[in-house]
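What you see below is based on every heavy atom in this structure, not just the backbone, and it leaves out hydrogens, waters and symmetry mates. Order of listing sets the numbers, starting from 1, for every ligand and every atom in it.
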Amino acid sequence: MIRSVVRGTGQALPRRIMKNADFEGMVETSDEWIVQRTGIRQRHIASDDETTASLGEAAARAALANGGLTPDDIDLIVLATSTPNNTFPATAVEIQQRLGMRHGYAFDMQAVCSGFVYAVTTADAYIRAGLAKRVLVIGSETFSRILDWNDRSTCVLFGDGAGALVLEATEGAGTIADRGVLAASLRSDGTHKEKLYVDGGPSTTGTVGHLRMEGREVFKHAVGMITDVIEATFSQAGITAEDLDWFVPHQANKRIIDASAKKLGIAEEKVVITVDKHGNTSAASVPLALSIAAVDGRIKRGDLVLLEAMGGGFTWGAVLVRW
Ligand code: ACO
């Protein structure tokens with residue numbers, strides 16, 4: 001059977017780093033509060049010349065170089081983002097143009113923090129259906145542009161950045177020993193909309209709006225939802241937590257990551273953590289963490305890697321990949 005195998009990874013971060021101490025004087029907060037509640041110590045914030053498209057392009061170019069590929073080798077771009085450059089056209093098409101691609105096709109996916117998990121699952125379905133051979137799957141966000149910088153309960157949590165993977169159609173035996181995407185489970189439930197949303201949009205206010213979140217409510221649901229989709233993914237693949245080499249969760253909050261890993265019985269040393277350096281970069285957080293752990297040599301060919309995310313909607317999901 002056809003498997004979607006990871007051929008390359010890449011990442012891009014804005015130049016400017018904002019440390020927790022930089023919020024003091026802007027809103028009533030402290031480094032101690034932010035670190036204790038979230039594990040975040042700093043985040044990257046996009047300057048005026050850095051956008052979702054430019055960061056996504058840089059991550060895509062790095063992933064292509066990492067895989068020894070050029071834009072000519074790609075036939076589809078799927079970009080996970082909730083902070084597109086424009087309402088339309090899709091920012092994926094802008095990235096396609098920036099890469100100099102006049103062939104193939106590109107589109108955006110919007111599932112907020114779960115966007116990358118949704119995008120990998122979609123790209124895998126396109127590859128297995130024979131609709132694409134090599135797909136650039138990108139998560140790129142500039143959440144700094146939709147934050148209310150006077151709201152201390154949200155502005156300290158998010159950052160900007162991008163990560164990318166190239167997935168390539170490869171013949172596999174159809175067993176759990178194959179490389180590539182092996183199992184996935186996606187969920188959404190719109191009854192939770194008011195807990196995490198942006199209070200503007202083209203069809204309602206005609207404005208971009210700002211992120212609003214009832215953090216405590218999101219926290220309450222997060223661990224249960226995350227563990228449900230992970231257990232569904234394990235049972236699809238016929239594995240247990242002990243079979244995993246790496247757990248690469250959405251980087252929203254260290255306490256949510258720790259509680260989920262503990263509930264699932266995933267050893268601490270198998271968990272990739274970047275939330276301390278990047279904050280919550282929404283759809284970019286999983287590919288950023290993946291790329292960092294692959295480039296620094298932690299994630300190796302043949303390793304079994306579990307990706308997971310949960311975010312606005314609510315949306316949530318998990319993907320199992322053999323590297
Ligand atoms: N600095 C200091 N105090 C603060 C800050 C701050 N930055 N923000 C809030 N507080 C205060 C609150 O006002 C509250 O004060 P009160 O007790 O006087 O009312 C107190 O701190 C405690 O607030 P809580 O909201 O109960 O704090 P909690 O321990 O729940 O931590 C947090 C808040 C970090 C937001 C947490 O709830 C969380 O991480 N939630 C989940 C967020 C998440 O995972 N989102 C994922 C999806 S994101 C996406 O999809 C885009």
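Close contacts between ligand 1 and Leu196 involve ligand atoms 47 (C), 48 (S), 49 (C), 50 (O) [criterion: under 4.0 Å to a heavy atom]. Close contacts between ligand 1 and Val156 involve ligand atoms 7 (N) [criterion: under 4.0 Å to a heavy atom]. Atoms of ligand 1 found under 4.0 Å from any heavy atom of Phe219, numbered from 1 in the order shown, are 36 (C), 37 (O), 38 (C), 39 (O), 40 (N), 41 (C). The distance from ligand 1 to the heavy atoms of Thr38 drops below 4.0 Å at these ligand atoms: 34 (C). Using a 4.0 Å cut-off to heavy atoms of Cys113, the atoms of ligand 1 that qualify are 47 (C), 48 (S), 49 (C), 50 (O), 51 (C).
For atom 23 (O) of ligand 1, the nearest non-hydrogen atom from the set Glu141, Met310, Arg216, His221 comes from Arg216. Residue Trp33 holds the heavy atom nearest to atom 5 (C) of ligand 1 of all those in Tyr197, Trp33, Phe23.
Considering backbone and side-chain N/O of Asn280, none are found under 3.5 Å from N/O of ligand 1. Between His250 and ligand 1, a contact under 3.5 Å exists for no N or O pair. Residue Gly215 has at least one N or O atom closer than 3.5 Å to an N or O atom of ligand 1. Not a single N or O atom of Ser282, backbone or side chain, sits closer than 3.5 Å to an N or O atom of ligand 1. Inclusion of Thr29 in the set of residues having an N or O under 3.5 Å from an N or O of ligand 1 is warranted.
The nearest protein heavy atom to atom 14 (C) of ligand 1 is not closer than 4.0 Å. Protein heavy atoms are absent from the space less than 4.0 angstrom from atom 32 (C) of ligand 1. Under the 4.0 Å distance rule, the nearest protein heavy atom to atom 21 (O) of ligand 1 falls inside the cut-off. Within a 4.0 Å radius of atom 3 (N) of ligand 1, the protein has at least one heavy atom.
The aromatic rings of His44 and His278 sit perpendicular to each other, their planes meeting at more than 60°, with 30° as the lower class boundary. Between Phe107 and Tyr126, the ring planes lie tilted relative to each other; the angle falls in the 30° to 60° range.
Salt-bridge annotation for Arg212 and Asp199: present, with a side-chain N of the basic residue lying under 4.0 Å from a carboxylate O of the acidic one. Classification of Arg41 and Asp276 as a salt-bridged pair fails, no side-chain N sitting under 4.0 Å from a carboxylate O. A salt bridge links Arg128 with Asp124; the closest basic N to acidic carboxylate O contact falls under 4.0 Å.
Considering all non-hydrogen atoms of both residues, Val181 and Arg3 come closest at O-NH1, 3.5 Å. The shortest heavy-atom contact between Ser282 and Glu141 is OG-OE2, 3.1 Å. Taking each heavy atom of Met310 and His250 in turn, the nearest pair found is O-CD2, 3.5 Å.
The part of Phe143 lying near ligand 1 is the side chain, judged by heavy-atom distances below 4.0 Å. Only side-chain heavy atoms of Met213 come within less than 4.0 Å of ligand 1; its backbone N, CA, C and O stay farther off. Neither the backbone nor the side chain of Thr154 has any atom closer than 4.0 Å to an atom of ligand 1 (non-hydrogen atoms only). Contacts between Val27 and ligand 1, counted as non-hydrogen atom pairs separated by less than 4.0 Å, are absent for every part of the residue. For Ile34, no heavy-atom contact with ligand 1 is shorter than 4.0 Å.
Within the model, atoms NZ of Lys133 and OG1 of Thr170 stand 10.5 Å from one another, a figure rounded to the nearest 0.5 Å.
Ligand 1 lies nowhere less than 4.0 angstrom from a heavy atom belonging to Ala222.
At least one donor-acceptor pair under 3.5 Å links the side chain of Asp189 to the backbone N or O of Thr191. Checking side-chain atoms of Thr142 against main-chain N and O of Arg145 turns up no donor-acceptor pair under 3.5 Å. Distance alone, capped at 3.5 Å, is enough to place a donor-acceptor pair between the Arg43 side chain and the Met18 backbone.
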